[in-house]
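Quick notes on the structure that follows.
Everything numeric here is computed off the predicted structure, so don't read it as measured data. Quick note on labels: first sequence line is chain A, next is B, and so on, each numbered from 1.
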Number of protein chains: 2
Amino acid sequence: MASQIANSAISKAAAVSSRSLESAKAFAATHGIGKAYDSLDDMLADPDIEAIYIALPHALHKGAILAALNAGKHVLCEKPMALNAGEVAEIAAHPRAKSLMITEGFMVRYQPQWEWIRAQIADGALGTVKQVTAFTALQLPPPAVDPARGTLAGDRSLLLDIGCYSVHLVRTIFNADPLRVSALIERDPVTGLETFIKASLDFGGRYADVIVSNVLRRGRRIHVLGSAGSLEIMTPIHTPPTGAKVLAALVGDGNADPVEQVFPSVEQYGLQMDDVSRHIRAGDQPRVTLANALRNARTLDAIVASAEAKGAWAEL
Amino acid sequence: MASQIANSAISKAAAVSSRSLESAKAFAATHGIGKAYDSLDDMLADPDIEAIYIALPHALHKGAILAALNAGKHVLCEKPMALNAGEVAEIAAHPRAKSLMITEGFMVRYQPQWEWIRAQIADGALGTVKQVTAFTALQLPPPAVDPARGTLAGDRSLLLDIGCYSVHLVRTIFNADPLRVSALIERDPVTGLETFIKASLDFGGRYADVIVSNVLRRGRRIHVLGSAGSLEIMTPIHTPPTGAKVLAALVGDGNADPVEQVFPSVEQYGLQMDDVSRHIRAGDQPRVTLANALRNARTLDAIVASAEAKGAWAEL
């Protein structure tokens with residue numbers, strides 16, 4: 001992120017804060033950032049800072065966002081913005097939540113492939129989208145546990161860390177929220193952490209299936225099936241340097257093989273930050289609004305609730 | 001099929017039967033078949049005939065199979081062998097069912113890609129297979145209704161005609177049968193025929209999701225996610241002339257992109273018929289046994305039962 005901001009003509013990284021002044025200074029030196037703080041509150045008191053980018057562990061997001069709002073700063077917070085919908089609602093209830101910009105860092109939304117996909121759907125090239133299936137199966141190294149903080153609740157959650165992407169993207173595709181969710185979650189018997197999540201989202205006769213695992217190797221796809229066309233998104237979240245590939249079978253293709261659409265790899269974090277900067281100047285909200293973050297959190301909460309109820313449908 | 005048999009050194013099409021002698025003769029002339037009959041019973045009485053291949057409408061399968069068994073003929077019957085598990089059980093109960101060969105025509109099993117896929121799974125290259133997702137979304141022309149016979153029950157069923165493939169293939173991948181099934185079926189309000197089928201199959205903590213539609217366009221894939229690798233089968237049923245492609249990410253690949261495996265296009269109907277011929281000579285059963293057909297039919301029946309119970313799990 002810092003290196004991508006350094007390439008921007010719009011956004012400027014003015015200061016960095018860390019618990020250790022030494023590491024803050026080292027980071028600032030590496031990325032050409034003018035100021036370094038060893039306290040978030042001190043940085044928030046700096047009148048030169050207009051907005052903060054929060055990349056703390058998930059469990060610390062809400063507190064940092066509220067502190068930023070108290071200090072009158074705009075906020076770009078890494079996904080997920082908070083641990084659950086209750087926390088997002090608490091943020092939304094802050095008196096400054098409407099006058100300041102608050103957005104959730106789904107950098108994926110700044111990829112050209114996702115602009116193209118959204119345009120295809122909005123233009124009706126897929127007809128009615130009926131079924132979306134999103135896989136994210138990847139083997140992750142064991143999460144690093146910060147010896148100073150220990151394990152923070154929510155920070156090793158597969159659903160929050162990885163599942164939030166799929167839920168956000170299928171909601172983006174449908175441009176709607178599910179009405180109800182049925183899910184199962186398998187957990188590591190020792191750590192209690194999720195290893196396999198399988199959720200069916202019912203958008204009112206239109207469906208998404210979300211599968212997330214960190215013990216299965218390796219599939220990352222989103223399939224979109226519509227009445228007039230289908231898309232297979234080969235690299236839905238992280239685009240390889242060779243670009244993002246979508247296999248598209250659109251109306252008029254008949255039963256022909258899908259056509260490859262290739263989109264350039266971009267500095268998605270930098271594009272996101274520039275969009276955020278423009279919206280701060282315009283005084284409005286960027287594409288991932290606080291309301292959207294709240295709805296994403298509600299869906300994630302419903303997945304947990306359904307899994308705890310052995311897959312019984314959880315209404316949103 | 002007939003043209004593929006003509007290329008075989010092992011199998012020979014000796015006779016053809018149709019309701020009209022004229023059309024039987026025309027077919028026989030086209031494909032170099034020696035005899036033509038206007039009655040199945042007359043053809044079955046022909047001592048030169050060792051086995052029959054049944055390509056009648058589904059609803060007529062059971063009767064034709066029983067007639068063949070009565071006449072002492074081996075049987076290759078197009079999938080599905082019968083309309084439901086009760087009919088397959090009736091066939092299995094025939095006194096000659098054990099001494100004669102009876103097989104269900106899943107020609108797909110004779111593709112080299114499926115031999116390779118089964119070998120990868122059997123050899124453990126995928127580790128434990130945990131999740132399979134099979135799509136078949138295709139737009140079909142309205143089924144031709146035979147004016148002489150009218151619409152035969154089961155013959156315009158999307159589940160029987162297309163869904164049976166996915167169910168057979170996911171059972172083949174797991175080399176097991178689901179313990180229970182949860183499904184929904186949407187039907188055309190006028191004809192009552194299925195337009196969208198969505199089924200979750202629970203293989204005991206391992207899952208398959210099957211999606212079949214004839215109103216969505218166009219996706220045909222099977223994804224296999226395992227603890228050590230994954231496969232994306234790009235053309236699971238009908239192989240294009242350019243060959244069948246599987247994207248494989250196998251153990252040892254780390255997070256590298258999947259590797260393409262390409263398999264030649266083959267005359268799958270001809271290979272099937274030759275395998276059937278060899279098994280007739282050997283006096284044993286080919287790869288799709290009567291027991292397998294019975295289990296496939298039970299799963300299809302459970303999908304219907306669950307859908308009728310609004311998605312409640314149907315045990316097998």
Measure from the side-chain N and O atoms of [X] to the backbone N and O of [Y], and report whether any donor-acceptor pair falls under 3.5 Å.
{"X": "Glu194(A)", "Y": "Leu158(A)", "answer": "yes"}
{"X": "Trp116(B)", "Y": "Gln111(B)", "answer": "no"}
{"X": "Ser306(A)", "Y": "Ala312(A)", "answer": "yes"}

Checklist entry - By a 4.5 Å heavy-atom criterion (distance strictly below it), what part of Leu247(A) contacts chain B: side chain, backbone, both, or neither? => result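 Only the side chain of Leu247(A) comes within 4.5 Å of chain B.
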Item to check | chain B contact via Leu126(A) - side chain, backbone, both or neither, heavy atoms under 4.5 Å | outcome: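 It is neither, since no heavy atom gets under 4.5 Å.
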Next on the checklist: Can you tell me which of Ser182(B), Pro240(B), Ser200(B), Ser227(B) forms the most heavy-atom pairs within a distance under 4.5 Å of chain A?
Outcome noted: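 Highest number of heavy-atom pairs under 4.5 Å: Ser227(B).
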Checklist outcome for this item: Assert top hit (heavy-atom pairs under 4.5 Å, partner chain A, pool Met234(B), Glu186(B), Arg221(B)) equals Arg221(B)
Item to check | Note: Lys245(A)-Glu260(A) ion pair, threshold 4.0 Å (strictly below) | outcome: yes
Checklist entry - Based on non-hydrogen pairs under 4.5 Å, which of Ile211(A), Val215(A), Val224(A) is most in contact with chain B? => result Ile211(A)
Checklist outcome for this item: chain B shares the most heavy-atom pairs under 4.5 Å, among Gly127(A), Gly229(A), Gly205(A), Ser213(A), with Gly229(A)
Item to check | Member of His168(B), Gln272(B), Gln268(B) meeting the side-chain hydrogen bond (donor to acceptor under 3.5 Å, both in side chains) criterion with Arg109(B) | outcome: His168(B)
